[in-house]
Each structure stands twice: as C-alpha cells, then as structure tokens.
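Let me begin by presenting the structure, written as structure tokens, before commenting on it.
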Amino acid sequence: MCGIVGYTGNADVGSILVSGLRRLEYRGYDSAGVALFAPEDAELTVVKTSGKIADLSASMQEELPATKHFSSMGIGHTRWATHGAPTEANAHPHWSQNHEIAVVHNGIIENYAEIKAHLVAKGYTFSSETDSEVIAHLVEQCYQGDLRAAVTTALDRLTGTYGIAVISVKHPGTVVAARKGSPIVVGLHDDETIIASDVSAIVSRTKQVVFLDDGDIVTATGGDVEITTTSSTPVTREATLIDWDTDEIEKGGFDHFMLKEIHEQPAALATGLRGRLDETDGTVRLGGLRLTPQDMARIPRIILAACGTSYYAGMVGKYYFEDFAGIPADIQQAAEFRYRNPIIEPDSCMIAISQSGETADTLAAVREGLMKGATVLGICNVVGSTIAREAGRGVYLHAGPEIGVASTKAFTAQITVMAEMAIMFGRTRRLSAAVGRDMVRELARVPEIAAAVLEREAEIKVIAEKYAQANDAFFIGRGYMFPAALEGALKLKEISYMHAEGYHAAELKHGPIALLDEKVPVIVPVPDLPDKVKTIGNMQECRARKSPVIAIATEGDSDIDAHCDDIIRIPRCHEFVAPIPVVIAEQLFAYYVAKARGCEIDQPRNLAKSVTVE
Ligand code: M6R
C-alpha cells in the first residue's frame, strides 16, 4: 500500500520520480506528491495533489517554475489513505516545521497521537491528519547536524510499521531511507541510487538491487550507499539481480494490465512447471523447499495461511495435500492466525501463500509460525519479498510481475505450485509412481488447457455483457469448484463493483436462496466430474426461482445444456486441474462485466495491490 521513490544522482530527478511513481501507482492511487531540491537556493519544493499520478504530473507542470533547476535528490509518494482522507494536505511528502526536511512514509505509526501531542506542546504545528507527519517534525527535533543520526533517533521513538525516505536541504544529494515492516529496495547504478518501496519503480534504471531488512537504515549519496542498523552499526546486504524485463511491466498492447496478465497465464504456468516435473519417477523436484524425503514423510499436518485470492488458492491447496499426500491440512485466514494462538504440533509445516510476499497479515502469520517451531514455506511471486526471505524456504511462482490489482495469473500459478508440492509430498507417502506419473502428465498440460480457455474470450465477452447490468450475482460450486466459486465472486465484485457472493452449491438453500429471482444471475462451475449430478440439482433449484444460470462446463458435455441459460466451455481435464480453466473463465467474465460497466479495471476504488497494513 502506498509507493515510495527516492533518487540521488545527476539525472532529471522530477521525471525519474514521476516515472517511478507511475510504476508504483498500482500500490495506492488516491493522492501523490514529490519533494524536489533546487541547489542554487538550497530549498525544497513540495508539489502534492489528490488523485492520480497524471494529476500530480499536471500540477508539477503548472506549479514548478521553469526557471528553477531541480537536481541531485528528491522523494515521491503515491498514497492509499489510512489516517485522513485522500486530500492534498494529507498527501506526502510531509514537511518538517522549518521546511528543511521532507519525508514520505508507508505503514502505520501506532503511537502517532502521543508523539503529536508532545510535538504540539513543543510548538510544532501540523498541517495534515496523517500519522506520517509526526516523522518529519520528529526528525527535525532530533537533528544535530547528521541526517542519518536524526532519522535513527526519531525512528527509535516510533511504534508501528514504516518504510520511509527523507531528504534535507542541509544534506544536498543525500537520501536516507529505512524500513520496519514495510519494504524498501535500493537500486544501485553507477553514480546514482534509486530507492523505492518496490522493484518495479527501479528496473527501468537498474536491475541490481538490495532489499533492506527490518531495522536497516540506508544513506545514499549519488552512487555511495551505506547501510546501518538502528544502533548505527554498518551492515552489508547482498545485491540481487532482478530478472524482470521492462516490457513485463508495460501493458504490451492490451487495454489493461489485468487483461494482459490473464493472457500471460499459459506462459506463466509453463515457466512455473519448467524443470520441475519428473515424469519417470512420477514426482516433482522443488529444490527451494530444502526438505528431505524423510522430512516430508514426517509432516503430521499442514497449515496454510493467506489472504484474499491467495486464501482461495490455499483452499484448493488444502484439497491437494489431503487428496494426494493424505496429510491433514487447514487453511487459515492469515489475519486471524496470530490472534488465535494456533496449535502447531512438532514437525508441522506451515505454508504462507502471497503473490506480493508483503501482505502484513500473512507476514505476521509467518512470524508466528516460525516462533512456534513450524517448518515455514513461502509460496511467493515477488523474488526477494519479505515473506520469501523470512520464511527462508519455499517456491517462487515465476509468474512475472502482476500489476493489475485483481490477482489473476498468481492464483493459477499458486495452485499449480501447490499441486506440485502435494505430488512431491505424496510420493514420500501413499502416492504410487503410476498415479504420480498421471498427475505429472496432467500438470504438463496445464499451459495448453489455460490457452484453450483464452480462445473462448469472445464468447465469454458476449455472455458477460448480457449480465453486466445486474446488481447482484452468485457463484456456486462443490468440491474443487467451491474455492473456484469463491474466487469468481471476489474477482467480479472487486473490479466491477457488482455485489457477488460465492457459496458452496449445497449451502444456497440454507439461507441465500431467499435472494434469488430473475434479476440475480448464478454462475455455476460444473465440469464433467462425478459430483456433476448434484450440482445440476442445485442449478435446477436456482432456475426454479427464475435466476438465470450461467454454467462453466466441459466441452462436449451436453448434460448441462438443458439446465442453464448460457454456457462457458472449458477443456476436458482432470478434477484437480479444473480450477485453473474455470477461474480463467471467471477472470474474463469479471473483466468484461467491469469493462461494460465502465469501471477502472486496473485500479478499482478503495483497493491497493499490496496490503501492507493490518
Ligand atoms: O499479495 P498477496 O497474495 O498476499 O495478496 C493477498 C490479497 O490482498 C489479494 O489476493 C487480493 O485479494 C486481490 N486484490 C484479489 O484479486
């Protein structure tokens, strides 16, 4: 949530900040601002606006005097409001009282009210409702000639989470940044340094990055970078080479990142399978787990923890671990995990699933799991993300950057990875080589299955447009189709703002069926699987209440035709793979409903891509 960019070097700082902020806009987009330094008069200029980066860019054109030369350092921010409305006053950067220091902040300062009261008593005046503004005044109060020392002392007084970047007129060309619970990445490039909350703001200038650890404070001046701890001890952090291409963070001819990412699924899934499937032994090789067959055979229970779409992927994962490996598995809302004092038996395995690897609740669950002695594995997409690093072992999705706020390719990649893990765990137990081989062969078909759904895009668009003006919709399913129904409903509501609910098909008659009538479409994933007959019964119940039924059914399965109003076809596949084509069809359905309703698909209202606050 929120995005930070900081720059020190000789290039045009304004345009570097704006282009970095554009890359970060998916993280938060209700207001934005920059602080720029003009060396000739040793002054900072702050430009802020409510709205998006395009609005900020326009304000910069209008407000920045053409005669003034801004260079050597600057910081910028795109905001997702927590404390205070998304107004210009609440946008970052925030000034110190003397206007010599500017600060941008991601995270939440929990003791800000107490610090604010103290600062007000000392004569400081506040111009925003944010928790973040206290940091600027506090750094000023702590300043005694050394910016890093002032930041270090100020941070010591804060409770909560932060990723910050700070500049001061007294230190031309220097950016100080720090992290605790909110990521900061440092991009290294010759005689310049670009600091950001996310590598996507950096990769167009450099692929050589350092991920700060919690408690790290970085001081960058041009190309000189020094990292210290909160006790001012210098530390060394290894640089990582990012393998993302700039093309991967462009729309590549698609109208939206979401549509591009839906279309990337065959390739993303192929990358996530490459080099991992072992058809000879009917198993999968995942080196990053760092578990021996003996370790895997001993796992008594698996606890999955995640939020949102990743949570629904975890529900599918639970079925895999129980069905293939015979290991009891629970999926937990990450937000509840640490507050419930969960029971973790010796040798238990905890799997944290997070596309971004930065979700605050999932990260807290990881820490709780580690503290209670679980073997914690991360399933993340973003390389070097906090969850991936703190878990210390796990599997990367290799799905490429996901920019659209609605998660798409991450979901299908997550369940593919969990199928791989479940086969691998299963082969240390009751799963035979013969069955393992069948499953591995079916997994190898996943990219082609995904591609076949994309070929149905035009048909799905027509159906989506037919129902686009409904106010409410239900998604129902059973077995593997239950989590797929939940995910379909989430996708639809978050990008189209149509109220949608996901239910187990059998649960409808325990209450929600009261809401059905001819205005409420029901979307029913019903592939040609053994429980199909029961789902057809539930479809009949819906139609008896006059609800239009849209089935997502297997190609060539004519049993469904008489029980629905519209059909979206998916290829024939094994039951465990079926959530992939079903969810891709639901993604396209949601996309075209949202488009027909004129919604801002990549940046839905009130949302942000990465939820780094509780
Ligand atoms: O990065 P994560 O996978 O941890 O994110 C979890 C959720 O915030 C995320 O899946 C969210 O629900 C998406 N907007 C869904 O499309």
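Residues: numbered from 1 along the sequence shown. None of these values were measured; they are calculated from a predicted model. Ligands are counted one by one from 1 in listed order, and the atoms in each one are counted from 1 as well.
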Residue, atom name and distance, where the atom is the protein heavy atom closest to [atom]:
atom                    : answer
atom 10 (O) of ligand 1 : Thr309 N, 3.1 Å
atom 3 (O) of ligand 1  : Ser310 OG, 2.6 Å
atom 1 (O) of ligand 1  : Ser356 OG, 2.7 Å
atom 2 (P) of ligand 1  : Thr359 OG1, 3.2 Å

Ligand 1 atoms in contact with [X] (distance to a heavy atom under 4.0 Å):
X      : value
Ala406 : 16 (O)
Lys491 : 15 (C), 16 (O)
Glu494 : 13 (C), 14 (N), 15 (C), 16 (O)
Cys307 : 6 (C), 7 (C), 10 (O)
Ser354 : 1 (O), 2 (P), 3 (O), 4 (O)

### Query
Going by atom types alone, do Tyr592 and Glu457 pair a side-chain donor with an acceptor below 3.5 Å?
yes
### Task
List the steps, then state whether salt bridge (charged side-chain N to carboxylate O under 4.0 Å, His left out) holds for Arg22 with Glu25.
CA-CA 5 Å; Arg22 276 191 216 284; Glu25 200 168 21; 5.9 Å; no
Purely on distance, is any nitrogen or oxygen of [X] under 3.5 Å from one on ligand 1?
X      : answer
Val611 : no
Gln414 : no
Thr362 : no

### Message
Just to be sure I read this right, does ligand 1 sit under 4.0 Å from the backbone of Glu358, its side chain, both, or neither, counting only heavy atoms?
### Response
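For Glu358, there is no contact with ligand 1 at all, from either part.
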Any salt bridge between [X] and [Y], counting N to O under 4.0 Å?
X      : Y      : result
Arg237 : Asp213 : yes
Asp361 : Arg338 : yes
Lys493 : Asp472 : no

